[in-house]
Amino acid sequence: GYPMKIKQTDADRALAKKYIERQSKMEVSRSNWENHWQECMDYIVPRKNDVTSTSAPGERRGDELFDTTAILSNQLLSAALHSMLTNPASRFFDLTMDEKELDNSDDVKEYLQECGNLIFKALSSSNFQTEIHEIYIDLGSIGTACMYMGEDENKVVHFGARPMKEIYIEENNLGLIDTVHRVFEWKLRQIVQEFGEVNLAPELIKKYRDGNDDLHKIIHCVSPTTDDDKKEYGSTHAYKSVYVLLESASILSNGKGFHEFPYAVPRWTKTSGEIYGRGPGMDMLADIKMVNAMMKTTLQGAQMTVSPAWSVADDSVIGRVRISPNGITLVRPGSDPIRP
C-alpha cells in the first residue's frame, strides 16, 4: 500500500449520515416537480432537458420539436429581463443608508456613489452578466433558478448559475430559502484538487493514484448554523458549508461557512404551500404542446400533398412508378390511370 491518513471520526460519519438522510427527504419532496420540469425543458430549453433523462455531452437535442416559438419567446423574455433589470451598459442599482437624514448628506451621497461604482466595476469584471442570463432562462421556463455567489481571489466575486436538476431547497419559518443542497459529480482528480486526499477512503485513494476517471456524487450542504455547531466547531458564521461524498458517506469538508447566504434562489411565482416556483413556461405548456402537435400535423399534411401515396392497378405499370418532375411512367393499354 500507499501511505494514507484518514481522519474520519465517528462524529464525521454521523454528520455525513445526517446530511444524506436529509438529502433523501428533499429528493422525495422534489420528485413531483421533476417530470414537470423535464417536460418544460423538452419544449422550451431543450439544451437543458436532462432533469430526469440523461444525455451525453454534445448530443443533439430537441429532435422531437416541430415548432420553436416557445424557445425563441423564452429567449426574448430573458433578454428583456436582462436589459431592464441588470443592463451591463449602465449601473442598475443605487445604495442607501436606509436613513433619510444620512441619505441627504452630501458626504454620504459621495461615499455611496463611490462604493456603488466600485461594486459595479467588480460585477462588470466578473462573470455576472453571463450567469444572470442563465438565471432568467430558468425563471421563464420552470419558474425557479439558483445562483451561487462566492469569493474570487482575482476578480473579487464569482457567480455560478446552477442547473435546477442539481438543486434542492428548503424554506425557513418566514418562507425564505435558507437551506440549499447541491448534488453534483466530480472525478477523483477534481475532488483531490479541491479537498486533498486526507478525507478519502483508502480504496478511493488507490483508484485516484491508479488514474481512475469515474465520476463520484458529492452533496454540498449550506444551511443555517445552529447553537450546537457553534459549540462543537466554534463557528462564527451564520451559515455552515459541508461537502459530503455520497459513495463512502464521508465528510470531504466541514468548512468555516458563510457570513451571508451564498445562494440567490428567485422564484417567478410561488403557490402557497409549495417551495419551488412556477414560471410562464409552465402556464403556457398546454399551448406550447398544442402548437407543436399542430405543426407536426401541418408538416405531415404538406408531405402528403407533395408526395402522396399512389394507387395503381395490379400489373398495369411497366417498370416502376416515376414521381420525379418530368418522370414518365409506362402503363399497359386499357389500364386505369395512376391516382394519388
Side-chain angles (χ1 to χ4, degrees), residues 19-65 70-71 74-75 77-78 127 130-150 159-171 177 179-187 190-191 214-223 241-247 252 261-271 274-282 285 288:
Y19 283 113
I20 291 173
E21 288 176 352
R22 185 168 74 178
Q23 172 62 26
S24 297
K25 293 177 182 178
M26 295 171 81
E27 289 177 1
V28 171
S29 65
R30 201 194 77 169
S31 59
N32 287 337
W33 293 92
E34 293 172 358
N35 290 331
H36 203 171
W37 290 351
Q38 177 68 41
E39 200 168 19
C40 287
M41 293 302 191
D42 282 338
Y43 290 97
I44 305 173
V45 196
R47 62 184 172 87
K48 291 187 175 186
N49 68 344
D50 54 359
V51 179
T52 59
S53 62
T54 55
S55 300
E59 184 179 342
R60 193 171 64 184
R61 305 185 187 186
D63 286 346
E64 69 282 359
L65 294 179
I71 299 174
N74 191 46
Q75 290 174 352
L77 172 61
S78 303
N127 64 335
T130 55
E131 297 302 302
I132 195 65
H133 186 264
E134 282 297 302
I135 295 297
Y136 296 142
I137 289 285
D138 286 348
L139 272 181
S141 54
I142 62 175
T144 309
C146 182
M147 170 87 89
Y148 174 77
M149 303 166 287
F159 299 89
R162 306 302 191 200
M164 281 306 299
K165 69 172 184 176
E166 296 180 352
I167 298 299
Y168 301 81
I169 58 177
E170 285 184 353
E171 293 179 337
I177 303 297
T179 299
V180 169
H181 280 202
R182 179 193 172 210
V183 180
F184 61 101
E185 292 182 327
W186 268 3
K187 298 178 181 179
Q190 295 170 304
I191 294 174
D214 293 342
L215 292 170
H216 300 267
K217 274 190 178 180
I218 299 171
I219 310 173
H220 181 208
C221 314
V222 177
S223 57
S241 172
V242 181
Y243 287 86
V244 179
L245 186 60
L246 196 59
E247 178 182 337
L252 285 174
F261 195 53
Y263 286 101
V265 187
R267 293 164 287 181
W268 185 277
T269 58
K270 192 178 83 70
T271 303
E274 295 182 343
I275 297 177
Y276 296 92
R278 294 177 181 267
M282 287 183 169
L285 187 58
I288 293 170

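Just the heavy atoms: all of them, side chains too, but no hydrogens, waters or symmetry mates, feed the values below. Index from 1, following the sequence.
For the pair Ala161 and Glu134, the tightest heavy-atom approach, listed with the atom from each and the gap, is CB-CB, 3.7 Å. Val222 and Pro262 make their closest contact through CG1-CD, 3.8 Å (heavy atoms, listed as atom of the first residue, atom of the second, distance). In terms of heavy atoms, Pro266 sits closest to Leu139 at O-CD2, 3.6 Å. The nearest pair of heavy atoms linking Asn127 to Thr130 is O-OG1, 2.9 Å. Taking each heavy atom of Arg47 and Arg61 in turn, the nearest pair found is O-NH1, 2.7 Å. Of all heavy-atom pairs spanning Gly140 and Leu77, the tightest one is CA-CD2, 3.9 Å.
Rounded to the nearest 0.5 Å, atoms CD1 (Ile167) and CZ (Arg162) are 7.0 Å apart. Atom CE in Met147 sits 12.5 Å away from atom OH in Tyr263 (nearest 0.5 Å). Atoms CG and CD1, from Leu285 and Ile142 in turn, are 12.5 Å apart once rounded to the nearest 0.5 Å. Between the CD1 atom of Ile275 and the OH atom of Tyr168 there is a distance of 13.5 Å, given to the nearest 0.5 Å. Taking CZ from Arg182 and CD1 from Ile218, the interatomic distance works out to 9.0 Å, rounded to the nearest 0.5 Å. Interatomic distance, CD1 of Ile288 versus CD of Glu39, reported as 10.0 Å (0.5 Å rounding).
Remark: the backbone N or O of Ile137 is paired with a side-chain donor or acceptor of Asn74 at under 3.5 angstrom. Between the side chain of Thr52 and the backbone N or O of Asn35 there is no donor-acceptor pair closer than 3.5 Å.
Using a 4.5 Å cut-off on side-chain heavy atoms (C-beta onward), Met282 and Trp37 make contact. No side-chain heavy atom of Phe159 sits under 4.5 Å from any side-chain heavy atom of Ile132. Put simply, the side chain of Val183 reaches to within 4.5 Å of the side chain of Lys217, judged on heavy atoms. Between Ser141 and Lys48, the closest side-chain pair of non-hydrogen atoms is not below 4.5 Å. Side-chain contact between Thr179 and His181 is present, with heavy atoms from C-beta onward closer than 4.5 Å.
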### Task
Quick one: do Ser241 and His220 satisfy side chain to side chain donor-acceptor pair (under 3.5 Å)? Show the steps, please.
CA-CA 7 Å; Ser241 172; His220 181 208; 2.8 Å; yes

### Task
Go through Arg267 and Glu274 one step at a time and tell me if the salt bridge (charged side-chain N to carboxylate O under 4.0 Å, His left out) criterion holds.
CA-CA 11 Å; Arg267 293 164 287 181; Glu274 295 182 343; over 6 Å; no

### Query
Does the pair Lys187 and Leu215 meet the rule for a side chain to side chain contact (heavy atoms under 4.5 Å, CB included), with working shown?
CA-CA 5 Å; Lys187 298 178 181 179; Leu215 292 170; 3.6 Å; yes

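For the residue pair Gln38 and Glu34, no side-chain donor N or O sits within less than 3.5 Å of a side-chain acceptor on the partner.
Ring planes of His36 and Trp33: parallel class, angle under 30° (limits at 30 and 60°).
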